[in-house]
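Notes to accompany the following structure.
Reckoned from all heavy atoms, side chains included, excluding hydrogens, waters and symmetry mates. Within every chain, numbering begins at 1; the chains are lettered A, B, ... in the order of the sequence lines, protein sequences first and strands thereafter.
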Number of protein chains: 2
Amino acid sequence: MAKTSRENKVVRTVARTRKPARVAAERPAMRRRKSAGDTPYHHGDLREALLQAAERVLERDGLAGLTLRAVAREAGVSHAAPTHHFGDLTGLVSELAAIGFRMFNAAMNAADESETHPVMKGLASAKAYVAYAQAHPGMYGVMFRSARLDYSRPSLREASEAAFAGLTGGVAESRQEKISKDSLSLDQAAAIARAWSLVHGFTTLLLDGRLTGILERLPEGTSADKLLDAMLRGAVPRPPGA
Amino acid sequence: MAKTSRENKVVRTVARTRKPARVAAERPAMRRRKSAGDTPYHHGDLREALLQAAERVLERDGLAGLTLRAVAREAGVSHAAPTHHFGDLTGLVSELAAIGFRMFNAAMNAADESETHPVMKGLASAKAYVAYAQAHPGMYGVMFRSARLDYSRPSLREASEAAFAGLTGGVAESRQEKISKDSLSLDQAAAIARAWSLVHGFTTLLLDGRLTGILERLPEGTSADKLLDAMLRGAVPRPPGA
DNA sequence: GCAAAATCTTTACAGTGTAAAAATTGCGAC
DNA sequence: GTCGCAATTTTTACACTGTAAAGATTTTGC
């Protein structure tokens with residue numbers, strides 16, 4: 001994982017140069033508890049600052065660049081500072097994934113509520129699923145590709161379970177039946193697995209660039225959205241308006 | 001990536017102890033060019049030995065344990081030996097992925113040829129897809145999850161393109177039409193994307209343990225295979241025998 | 001106001017990838 | 001045959017990484 005970039009060296013050198021003199025302007029000084037004006041040894045809300053820094057690093061350098069030390073640098077604190085708030089890298093990544101799931105859920109719910117017909121609701125939610133991943137590929141990677149997730153953390157567990165519940169509810173609605181919380185028929189389970197597999201598989205393949213071979217063979221610049229729409233309409237019982 | 005396992009230390013210590021004395025029995029001495037009996041400085045076929053070692057490491061320690069140095073240790077050579085054969089970690093992983101794709105293709109072709117009816121061929125291939133991933137989760141991870149793949153390498157490009165060609169051919173057959181090599185209708189593209197997304201998505205979710213929530217809600221120990229079968233039969237035009 | 005707890009920094013260590021130099025061996029020209 | 005060059009392997013070095021432990025600083029409870 002040794003990065004060959006020159007920028008990191010520069011950053012590190014700057015941080016080291018900065019070290020001896022601890023002046024006011026050199027700290028971000030996000031929020032403070034009581035007094036205002038000088039730089040605190042205690043950050044005030046480092047936990048939140050680290051999560052925001054992590055998101056920036058993720059968007060900028062991708063999943064491979066999301067390291068504990070890089071996040072600490074981005075937040076302007078020592079490399080060991082995150083330990084107290086997240087334990088280890090798994091902890092930080094898990095909390096970040098929880099945030100991602102919450103954003104993800106919000107986008108899906110908004111899409112669902114933008115339509116009235118059950119089938120159209122499903123279509124809109126699926127498109128929102130893919131759109132979220134395209135807009136936040138790093139986050140999607142953290143949520144679905146990272147090997148370092150700790151689902152025993154309540155925040156992550158709750159957020160991901162909410163996503164699953166939304167999916168189940170959508171399928172139930174499109175089938176116009178009630179789905180029990182703790183028991184499924186094989187038919188119901190298959191419908192849920194089908195919907196999720198279809199959308200998740202498409203998203204993964206798309207983000208990995210494995211659909212370019214297909215897209216290139218389509219008429220002059222057909223977008224991935226169009227392919228997704230065609231794929232979904234062929235998989236749905238009766239797409240209204242087709 | 002600092003591992004906390006004690007075993008690695010032991011391994012390293014042993015390797016270091018082993019270093020000064022270079023006796024015959026201490027080298028695997030796989031294949032040799034001419035003379036037989038003593039241990040060569042040149043391995044003879046280190047490239048192949050490294051790939052086999054990599055597969056062992058992958059099966060034993062998972063994707064996270066697949067490091068250049070671990071592979072070199074497993075093969076009994078210095079940590080820099082792989083460089084000459086693969087360049088860097090990306091090179092090794094890419095060649096390993098190519099091997100995985102070839103095994104993968106063989107399994108899919110065998111499944112396809114085990115059936116006669118086009119739809120059943122598709123079903124059998126899909127099941128072979130998931131079965132391969134379940135039998136070789138590490139390999140599947142290298143092929144589809146690793147961020148370090150270099151598709152400019154001919155071996156990997158050819159093997160993965162063969163996989164895609166097999167998929168396209170299967171879809172064409174099940175639709176009972178010929179699919180051109182360099183142009184697709186939106187309908188055809190959607191059918192290909194649908195088949196691949198469905199199977200790949202299911203596989204990914206299954207390997208990540210994200211389907212356990214569904215499987216647990218099914219009647220007493222329904223297997224993932226059964227869920228897969230139900231999912232596929234609901235997605236296919238006319239499953240014969242249902 | 002002061003001791004304890006919380007928070008952050010320093011220091012240290014084992015592991016990683018990768019580059020470069022040194023060592024060893026195989027091979028072809030002669 | 002042997003000599004030199006090229007291929008292969010090892011050694012050494014460096015910049016990263018995660019994580020643990022100890023020290024420094026500030027907040028907070030009493």
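The CZ-C1' distance, from B:Arg73 to C:dA14, rounds to 11 Å in whole Å. One interatomic measurement links the two molecules: CG of A:Leu68 to C1' of C:dC8, which rounds to 15 Å at whole-angstrom precision. In this structure, CG of B:Asp45 is placed 17 Å from P of D:dA7, rounded to the nearest angstrom. Atom-to-atom, CG of B:Asp61 to P of C:dT16 comes out at 10 Å; the value is rounded to the nearest Å. Atom P of nucleotide C:dG15 and atom CG of B:Leu66 are separated by 18 Å, given to the nearest angstrom. A straight line from CD of B:Glu48 to P of D:dT8 spans 15 Å, rounded to a whole angstrom.
Applying the side-chain contact (heavy atoms from CB on, under 4.5 Å) criterion to A:Ala97, with sequence neighbours excluded, gives A:Val142, A:Met143, A:Leu149, A:Leu156. Scored by the ring-ring contact (aromatic ring centres under 6.0 Å, His included) test, A:Phe144 finds A:Phe101, A:Tyr140, A:His200 as partners (sequence neighbours excluded). Residues that satisfy the ring-ring contact (aromatic ring centres under 6.0 Å, His included) test with A:Phe104, not counting sequence neighbours, are A:Tyr129, A:Tyr132.
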Please list every donor-acceptor pair under 3.5 Å in which a side-chain atom of residues 162-171 of chain A meets a protein atom from a residue at least two apart or in another chain.
residue  : atom : partner  : partner atom : Å
A:Thr168 : OG1  : A:Phe164 : O            : 2.9

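For C:dG15, its base never sits under 3.5 Å from the side chain of B:Arg69 at any donor and acceptor pair. For a distance-only test at 3.5 Å, the side chain of B:His79 fails to qualify as a donor-acceptor partner of the base of D:dT11.
Set against D:dT11, C:dG17, C:dT10, the side chain of A:Ser78 has C:dT10 as its closest nucleotide.
Residues A:Leu51 and A:Leu92 form a side-chain contact, since some pair of their non-hydrogen atoms from C-beta on lies under 4.5 Å apart.
Residue pairs satisfying the side-chain hydrogen bond (donor to acceptor under 3.5 Å, both in side chains) criterion with at least one member in residues 154-164 of chain A, sequence neighbours excluded, are listed as follows: A:Glu95-A:Ser155.
Looking at residues 81-89 of chain B, you'll see B:Asp88, B:Leu89 sit with a heavy atom under 4.0 Å from some atom of DNA chain C.
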